[in-house]
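Each remark here refers to the structure printed beneath this line.
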Amino acid sequence: MNKGRLEAFSDGVLAIIITIMVLEIKVPHGQDFTALKPLFPVILSYILSFIYLGIYWNNHHHLLHSAGKINGNILWANLHLLFWLSLVPFTTGWMGENNFAPVPVALYGIMLLMCSIAYWILQHLIINHSGKESALAHAIGKDIKGKVSPFLYLTGIVLTFVNPWLSGLIYVLVAFMWLLPDRRIERIYETKG
């Protein structure tokens, strides 16, 4: 199967997710900067989630670019990833509206954990379909960041009930780990080109 429709559909879903997220930020009543003060947690959670969505979109783009053809399993794995990403607006809004209370922060971490697992599944199905000796398989290699991230999310989830802000810092740390595009895939094609 050609991957064009999968890429277009995924891009569309991510655009809608970001749109929903920004529409959830309510315009304050008031005309000075003090009117924005109550929105600080909402805007902070929006920024973090926007960064995460950007990271997923960027890495998803690189991953699909490296895939030759796709199959039904890859289509379902992609939908699985999009399902978890579609929960970003809900968990972001709940966390921000409740000033980073423990349960919403824990749910946000669970959503991040599930997104990372879903991405891992998609990545490995594409590698299996492309072949263990494919350029993508060599580019991904040991995938240290991909293996460390779920453990950091789990740590953040557990620590939420001790200190939600500490959990938030862990989620920010993981985002910083992934903020730069994953150059492993680009490098393999640069050396071939």
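Quick caveat: nothing in here was measured; it's all calculated off a predicted structure.
Judged purely by atom type and a 3.5 angstrom limit, Asn128 uses its side chain to pair as donor or acceptor with the backbone of His124. For Ser10 (side chain) and Glu7 (main-chain N/O), no donor-acceptor pair under 3.5 Å exists by modelled atom type. A donor-acceptor pair is defined here as one N or O able to donate and one able to accept, closer than 3.5 Å; such a pair exists between the side chain of Ser86 and the backbone of Phe83. Not a single donor-acceptor pair under 3.5 Å links the side chain of Asn98 to the backbone N or O of Phe100. Although no hydrogens or angles enter the test, the distance criterion places no donor-acceptor pair under 3.5 Å between the side chain of Lys69 and the main chain of Lys3. A donor-acceptor pair is defined here as one N or O able to donate and one able to accept, closer than 3.5 Å; such a pair exists between the side chain of Asp143 and the backbone of Gly146.
Between the CG atom of Asn78 and the NE2 atom of His60 there is a distance of 3.5 Å, given to the nearest 0.5 Å. Leu85 CG to Leu53 CG: the interatomic distance, rounded to the nearest 0.5 Å, is 6.0 Å. A distance of 8.5 Å separates CG in Leu166 from OG1 in Thr160, rounded to the nearest 0.5 Å. Taking OH from Tyr56 and CG from Leu82, the interatomic distance works out to 11.5 Å, rounded to the nearest 0.5 Å. In this structure, OG1 on Thr92 lies 10.0 Å from CG on Leu87, to the nearest 0.5 angstrom. Atom-to-atom distance recorded for Ile157:CD1 and Ile110:CD1 is 5.0 Å, nearest 0.5 angstrom.
Contact of the Ile170 side chain with the Tyr153 side chain is not registered, since no non-hydrogen atoms from C-beta on lie closer than 4.5 Å. Taking the side chain as every heavy atom from C-beta outward, Val88 and Tyr52 never approach each other to under 4.5 Å. Looking at Val22 and Ile18, their side chains never come closer than 4.5 Å, going by heavy atoms from C-beta outward. Between Trp94 and Thr91, the closest side-chain pair of non-hydrogen atoms is not below 4.5 Å. Between Phe90 and Ile20 there is no side-chain heavy-atom pair separated by less than 4.5 Å. A heavy-atom distance below 4.5 Å is not found between the side chains of Trp178 and Ile51.
Leu112 and Leu179 end up in the same hydrophobic cluster when Ile, Leu, Val, Met, Phe, Trp and Tyr side chains are linked at under 4.5 Å. Linking Ile, Leu, Val, Met, Phe, Trp and Tyr whenever their side-chain heavy atoms come within less than 4.5 Å leaves Leu107 and Leu154 in two separate clusters. The cluster map of Ile, Leu, Val, Met, Phe, Trp and Tyr, joined by side-chain heavy atoms under 4.5 Å apart, puts Ile16 and Leu6 in different clusters. Taking hydrophobic clusters as Ile, Leu, Val, Met, Phe, Trp and Tyr residues chained together by side-chain heavy-atom distances below 4.5 Å, Val27 does not share a cluster with Leu44. No single ILVMFWY cluster, assembled from side-chain heavy atoms under 4.5 Å apart, contains both Leu113 and Leu169.
Relative ring orientation between Phe50 and Tyr46 is described as tilted, the plane-to-plane angle lying within the 30° to 60° band. Classified by interplanar angle (parallel below 30°, tilted 30° to 60°, perpendicular above 60°), the ring pair Tyr108/Tyr171 is tilted.
Between Met21 and Pro89, the shortest heavy-atom contact is CG-CA, 4.0 Å. Shortest non-hydrogen contact noted between Asn163 and Trp165 is OD1-N, 2.9 Å. Here the closest heavy-atom approach between residue Leu159 and residue Ser167 is recorded as C-OG, 3.2 Å. When all heavy atoms of Ala77 and Leu125 are compared, the closest pair comes out as CB-CD1, 3.5 Å. In terms of heavy-atom proximity, Val174 sits nearest to Ser149 at CG1-OG, 3.7 Å. In terms of heavy atoms, Cys115 sits closest to Leu81 at O-CD1, 3.6 Å.
In this model, no donor atom of one side chain and acceptor atom of the other lie less than 3.5 Å apart for His80 and Trp76.
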Item to check | Evaluation steps, side-chain hydrogen bond (donor to acceptor under 3.5 Å, both in side chains), between Gln123 and Asn59 | outcome: CA-CA 10 Å; Gln123 178 178 275; Asn59 287 320; over 6 Å; no

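Surrounding CZ of Phe161 are more than 12 heavy atoms belonging to other residues, nucleotides or ligands, all under 6.0 Å away.
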